[in-house]
Protein chains: 2
Amino acid sequence: MPRSTSSPSPKGSPVTLAMVARRAGVSPQTVSNAINSPDLLRPETLERVRRAIDEMGYRPSRAAQSLRTRSSKLIGYGIQPAPGGDTAPVMDRFLHALSQAADEAGYRMLLFACPPGGPSLEGYEELLGRHDVDGFVLSNTARQDPRQAWLAKRGVPFVGFGRMWSGRQIGDWVDVDGASGTDAAVEHLVALGHRRIAFLGWPRGSGVGDDRAEGWQRAMRRHGLPTRGRRAASAGDIEAARIAVKPLLDAGTTAVVAASDMLALGCYHALRERNAAPGRDVAVVGFDDSPTAGILSPSLTTVAQPLEAVGGECVRLLLARMANPAAPPERVLLEPSLVVRDSTPTPGSDAPAP
Amino acid sequence: MPRSTSSPSPKGSPVTLAMVARRAGVSPQTVSNAINSPDLLRPETLERVRRAIDEMGYRPSRAAQSLRTRSSKLIGYGIQPAPGGDTAPVMDRFLHALSQAADEAGYRMLLFACPPGGPSLEGYEELLGRHDVDGFVLSNTARQDPRQAWLAKRGVPFVGFGRMWSGRQIGDWVDVDGASGTDAAVEHLVALGHRRIAFLGWPRGSGVGDDRAEGWQRAMRRHGLPTRGRRAASAGDIEAARIAVKPLLDAGTTAVVAASDMLALGCYHALRERNAAPGRDVAVVGFDDSPTAGILSPSLTTVAQPLEAVGGECVRLLLARMANPAAPPERVLLEPSLVVRDSTPTPGSDAPAP
DNA sequence: GAGCTTGATTTGAGCGTTCCAAAGGCATTG
DNA sequence: CAATGCCTTTGGAACGCTCAAATCAAGCTC
């Protein structure tokens with residue numbers, strides 16, 4: 001009696017379709033059908049084949065399937081080194097989400113190393129040439145990113161995490177509505193009684209930064225609050241932020257919405273410098289919910305991106321694109337959520353822990 | 001005239017070995033040899049074939065290669081969700097290193113999602129059954145981790161990031177010498193004039209934690225410094241650490257070596273609570289160099305793991321194991337490095353920034 | 001009962017590569 | 001000159017699967 005389900009083939013004893021077929025007393029093709037188009041078989045036959053598959057612990061060989069069907073069921077993702085500082089502090093969460101969504105759809109994520117600098121096309125070309133992947137997920141989409149156009153030109157399915165902020169829109173993407181996030185931050189602050197709410201962002205021209213600024217602006221306007229003189233820009237690092245936020249504090253700002261947690265931390269420093277306490281004296285809201293945000297003191301209220309949902313949507317759009325290459329591009333904008341912590345306390349309550 | 005190098009085949013026009021062969025006026029097998037065993041060919045022929053390959057932008061199909069050679073050139077890695085808190089704060093750096101090392105060796109990393117709880121074998125079995133991967137890299141190796149034994153039993157090559165702390169040693173692994181890291185931390189503190197140096201770790205029984213404690217202990221002993229009453233244990237979170245470190249501070253400790261950055265942060269809180277300044281009044285050293293360490297104030301001196309090197313070694317060991325499954329197991333212990341920041345200031349110098 | 005449709009299964013071929021064995025060329029040798 | 005060897009190249013088969021088309025058995029219509 002052949003091996004049973006509980007001890008599947010160890011390496012080196014490949015169970016093939018043909019073996020299963022022989023055991024079930026059918027042709028190989030019928031076994032293939034049992035797996036790929038079960039509704040073609042008579043229920044009775046299907047049952048017999050399924051039992052044989054189970055008993056022998058059969059799994060179709062991906063290599064053979066890929067060769068025949070010209071589809072690898074693999075999704076490529078170029079992983080870039082986090083150059084510290086500002087970029088994507090939580091990429092592993094995103095990757096996990098991606099991987100999970102892909103797995104559930106019968107796909108897998110194939111990683112390849114992207115060089116630190118701008119994204120080069122080399123890795124993509126290599127994977128593509130060897131028919132290694134069926135499509136790509138892009139992230140860290142930069143302003144003059146050549147990848148979208150390049151991939152679109154050769155008809156390769158792809159989805160970007162992040163909009164294209166300049167030039168013509170190409171392909172599908174999933175992104176998080178930054179404006180909505182800062183808008184919600186302002187709403188939260190207004191509800192707490194704040195009226196002089198400033199925005200600390202990056203220099204104009206960065207798509208992401210302008211987006212986040214816009215949410216602050218529109219919410220302020222909606223409440224009839226002035227925005228003039230309440231906006232500053234700085235580089236992404238803490239030190240620059242500390243300096244940039246000073247004029248805002250001088251102008252009597254009671255709350256700051258920052259375009260990133262890093263910038264928010266710059267506010268913390270600037271406040272301490274003038275013997276003011278973040279949270280108690282001036283409320284601060286960050287953006288990204290980086291791991292650091294929760295462990296600062298006071299812990300930082302911040303806008304969290306729904307990375308799990310983003311990963312899921314990326315895979316969904318990518319599969320849709322593969323299924324129908326000619327479909328009109330689909331774009332998904334997801335809502336971030338405000339994580340309220342101690343840096344935006346309710347006025348009545350006590351000051352945050354020492 | 002066929003297409004030139006500069007415009008490689010767009011999707012759907014696969015250049016095959018046979019096409020190249022025809023163009024070079026040789027048999028397909030010769031082209032295969034030109035790629036896999038160039039020394040078999042007459043230099044003249046080799047040159048001709050190479051030119052044809054270049055001109056046509058040929059790339060061997062991975063699927064066909066895998067089918068024939070039974071080797072996918074893929075390395076599996078089960079990515080787990082970071083459950084926040086304590087674990088692996090910088091997994092993306094490790095993944096990038098892994099990916100890069102694999103790429104350079106002609107391999108690629110294949111991701112699959114591990115369920116949050118304990119590592120299950122399901123994903124591994126699936127990948128293996130379909131001959132999808134040639135081997136695995138394991139991380140987050142837990143105490144009662146069944147994966148090593150399971151993989152070893154069926155002769156699947158694997159490398160663990162992390163030693164096995166209990167039971168029989170199985171297979172190859174790469175790890176970071178935690179004891180050496182805390183030892184170096186003590187050396188550093190002693191050089192700064194500290195003598196009452198405490199250790200804040202996790203409850204005994206965690207392999208990693210005991211290792212780190214041991215380095216502190218041996219360095220203390222080497223310098224003839226007492227360790228009794230200078231050691232405390234707490235859970236991994238900040239709050240627990242804050243409480244656990246109190247007795248140490250009460251005992252007049254001037255420096256604390258913590259088993260993680262998170263624990264070190266707990267020290268920060270405990271110190272502030274008693275109106276003492278981390279760095280100025282009591283030196284603190286963390287472990288892991290998490291992104292947070294550099295942006296705390298004062299910035300945290302911490303022990304950094306050489307993740308890039310770990311990734312490289314993992315791939316190296318794995319390839320060696322594949323090349324020679326019967327070789328004796330290889331274990332690599334890498335040295336961490338101390339990153340000195342403001343939480344361990346030189347006595348003469350000014351206190352850290354406000 | 002001949003002709004047609006429907007449903008279930010099989011046959012034959014081929015995806016692109018590498019393995020194996022064998023063939024061809026050319027020089028060296030008895 | 002035929003036999004031997006080496007070096008280079010080739011032909012055929014196979015890896016495990018799925019596509020397209022062919023086959024076969026029934027059921028139905030007129």
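Reminder, nothing fancy here: chain letters follow the sequence lines and each chain counts from 1. All of these numbers come straight from a predicted model, not from anything done at the bench.
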Self-check item: Nucleotide D:dC19, atom C1' - distance to CG of A:Leu17 in whole Å
Solution: 14 Å
Quiz prompt | Separation of atom CZ in A:Arg42 from atom C1' in D:dC24, rounded to whole Å | solution = 12 Å
Exercise. Please determine if A:Arg50 and A:Glu47 form a salt bridge, counting it only when a charged side-chain N lies under 4.0 Å from a carboxylate O.
Key: no
Quiz item: Is any N or O donor-acceptor pair between the side chain of A:Gln29 and the base of D:dC17 shorter than 3.5 Å?
Solution: no
Practice problem: With DNA chain C as reference, determine whether A:Pro28 or A:Leu40 sits nearer its 5' end, using the nearest nucleotide of each. | Solution: A:Leu40
Quiz item: Taking N and O atoms by type only, does the side chain of A:Arg68 place a donor or acceptor under 3.5 Å from a partner on the base of D:dT18?
Solution: yes
Quiz item: Is the phosphate of D:dT18, meaning OP1 or OP2, less than 4.0 Å from a side-chain N or O of A:Thr69?
Solution: no
Quiz item: Just to confirm, is there a sub-4.0 Å distance from OP1 or OP2 of D:dG16 to any side-chain nitrogen or oxygen of A:Ser61?
Solution: no
Quiz item: CG of A:Asn33 versus P of D:dA21: gap in Å, rounded?
Solution: 16 Å
Quiz item: Taking only side-chain nitrogens and oxygens of A:Thr16, does any of them come within less than 4.0 Å of OP1 or OP2 of D:dG16?
Solution: no
Self-check item: D:dT18 phosphate, OP1 or OP2, under 4.0 Å from A:Gln65 side-chain N/O
Solution: yes
Quiz item: B:Thr45 side chain N/O closer than 4.0 Å to the phosphate oxygens (OP1, OP2) of D:dT9?
Solution: yes
Quiz item: Roughly how many Å is it from CZ in A:Arg22 to C1' in D:dG16, rounded to a whole number?
Solution: 13 Å
Self-check item: Spacing of B:Lys73 atom NZ relative to C:dG16 atom P, expressed in whole Å
Solution: 21 Å
Practice problem: Identify, between B:Asp39 and B:Leu67, the residue whose nearest nucleotide on DNA chain D lies closer to the 5' end. | Solution: B:Asp39
Exercise. Would you please classify the geometry between the B:Phe161 ring and the B:Phe94 ring as parallel, tilted or perpendicular, with 30° and 60° separating the classes?
Key: tilted
Quiz item: For the side chain of B:Asp175 and the backbone of B:Arg163, is there at least one donor-acceptor N/O pair under 3.5 Å apart?
Solution: yes
Quiz item: Considering residues, nucleotides and ligands other than B:Glu122, do more than 12 of their heavy atoms fall under 6.0 Å from its CD?
Solution: no
Practice problem: Check whether any side-chain nitrogen or oxygen of B:Ser32 sits under 4.0 Å from OP1 or OP2 of C:dT18, and answer yes or no. | Solution: yes
Quiz item: Once you round it to whole Å, what is the distance between P of C:dT17 and CE of B:Met19?
Solution: 9 Å
Quiz item: Would you say B:Ser37's side chain and B:Leu40's backbone share a donor-acceptor pair under 3.5 angstrom?
Solution: no
Quiz item: Could you state the CG-C1' distance from A:Asn36 to D:dA20, rounded to the nearest angstrom?
Solution: 15 Å
Quiz item: Rounded to the Å, how far apart are B:Arg70 CZ and C:dT17 P?
Solution: 18 Å
